[in-house]
Amino acid sequence: MKHILLLGTGGTIACKHGDNGLTPLLTGEELLSYVPAARKFCQVESVQVLNIDSTNVHPKHWLMISKAIEENYDDYDGFVVAHGTDTMAYTAAALSYLIQHSKKPIVITGAQKPIDLDVTDARTNLLDSLRFASSDRAHGVNIVFDGKVIAGTRGKKERSKSYSAFSSINFPYLAVIQDETILFYIDDKWQDRESVRFYHKLNSNVALLKLIPSMDPSVFEYLAEHNDAVIIESFGVGGLPSYDNADFYSSIEKYVAQGKIVVMTTQVTQEGSNMSVYEVGQKAKNAFGLIESYDMTLEATVAKLMWILGQTSEADAVEELFYKTIGHDILWKAASR
Ligand code: ASP
């Protein structure tokens with residue numbers, strides 16, 4: 001029988017109603033008491049890493065979760081992290097960079113409704129996650145939610161209330177779980193011959209600027225002044241605006257020359273960026289050699305930059321690592337070479 005470790009971190013799944021709304025109170029041990037059916041296929045123990053709303057999750061918590069998995073890695077066959085849904089996609093992406101080449105499955109799950117309600121998605125999600133973490137064919141970091149298995153770098157919370165909260169962006173679902181059966185769509189476990197590697201450093205000096213028509217470039221300058229990297233969430237396939245008396249080009253030129261990293265991404269969720277299409281994009285890319293996120297999610301872009309900058313700040317090395325495919329995170333760059 002598989003030996004699984006459940007890591008409690010909080011979120012709605014562990015919430016109870018208090019005077020000021022829902023607050024995470026249940027422990028991992030208590031969560032397990034709601035899924036007795038799991039005993040048929042696995043033996044589960046739990047550790048409590050945190051018990052917070054995922055709104056409050058910070059990169060230091062990603063390191064805590066990764067450390068708890070590393071410390072227990074040899075003793076278990078798989079891991080399930082019970083987590084709030086609001087920042088789950090960021091945590092899943094971060095764990096995908098902090099824990100690479102894991103042949104053991106690491107599953108992140110949560111729920112839209114607390115586990116102690118009569119009508120809830122929490123018990124199904126937890127049971128499905130334990131089932132997936134017990135599968136011989138599962139590996140790496142995954143989100144399991146509403147019967148779908150999503151690569152840790154490809155998840156996005158697209159619905160704030162429905163049970164079908166998470167989508168896999170620009171990548172197929174890895175598997176679906178229906179009627180206690182896992183149907184794998186992608187089965188690549190044995191192609192990865194490298195041994196598991198844990199990383200221990202992140203640099204959270206990364207900022208995001210979402211453009212709106214009329215945005216003042218001084219906002220970019222402020223962010224670039226106070227961070228090591230700025231992600232610009234631009235429009236469509238990507239471009240930089242020029243207005244009558246303000247444009248982003250001179251601001252970006254100044255900060256790129258100082259060694260700041262600027263990454264272009266898009267506000268459009270599906271299909272990603274391609275800055276070479278329009279003059280407004282190509283001009284910037286050619287002039288400053290900006291990195292672009294292509295088909296990556298914003299969550300993966302943020303987490304990957306924090307992971308890369310934890311290792312190096314040298315611009316060429318940052319770019320090389322950024323475009324390296326890790327956990328299915330970016331396909332476009334390699335395909336377009
Ligand atoms: N605010 C909650 C959290 O992210 C929402 C949830 O878990 O669904 O912790």
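Both ligands and their constituent atoms are indexed starting at 1 by order of listing. Numbers for residues simply follow the sequence, beginning at 1.
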Item to check | Shortest protein heavy-atom distance from atom 3 (C) of ligand 1, along with the residue and atom involved | outcome: Asp53 OD1, 3.2 Å
Checklist entry - Where is the nearest protein heavy atom to atom 8 (O) of ligand 1: which residue, which atom, and how far? => result Thr85 OG1, 2.5 Å
Checklist entry - Counting from 1, what ligand 1 atoms have a heavy atom of Gln112 closer than 4.0 Å? => result 8 (O)
Next on the checklist: Quick check on contacts: which atoms of ligand 1 are under 4.0 angstrom from a heavy atom of Gly11?
Outcome noted: 7 (O), 9 (O)
Item to check | Protein residue, atom and distance nearest to atom 5 (C) of ligand 1, heavy-atom basis | outcome: Thr12 OG1, 3.1 Å
Checklist entry - Would Lys104 count as a cation-pi partner of Tyr76, with NZ or CZ less than 6.0 Å from the six-membered ring centre and within 45° of the ring normal? => result no
Checklist entry - Does a donor on one side chain and an acceptor on the other come within less than 3.5 Å for Ser102 and Tyr73? => result yes
Next on the checklist: Any donor-acceptor pair under 3.5 Å linking the side-chain atoms of Gln48 with those of Thr27?
Outcome noted: no
Next on the checklist: To check your reading of the model: name the closest protein heavy atom to atom 9 (O) of ligand 1, its residue, and the distance in Å.
Outcome noted: Ser54 N, 2.7 Å
Checklist entry - Do any nitrogen or oxygen atoms of Asp86 come within less than 3.5 Å of a nitrogen or oxygen of ligand 1? => result yes
Checklist entry - Could a heavy atom of Cys15 be found less than 4.0 Å from some atom of ligand 1? => result no
Next on the checklist: Quick check: is Tyr34 connected to Leu31 through a chain of hydrophobic side chains (ILVMFWY, heavy atoms under 4.5 Å apart)?
Outcome noted: yes
Checklist entry - Is any N or O atom of Lys157, backbone or side chain, closer than 3.5 Å to an N or O atom of ligand 1? => result no
Checklist entry - Can you find an N/O atom of Ala111 closer than 3.5 Å to an N/O atom of ligand 1? => result yes
Next on the checklist: Is the ring pair Tyr199/Trp307 parallel, tilted or perpendicular, if the boundaries are 30 and 60 degrees?
Outcome noted: perpendicular
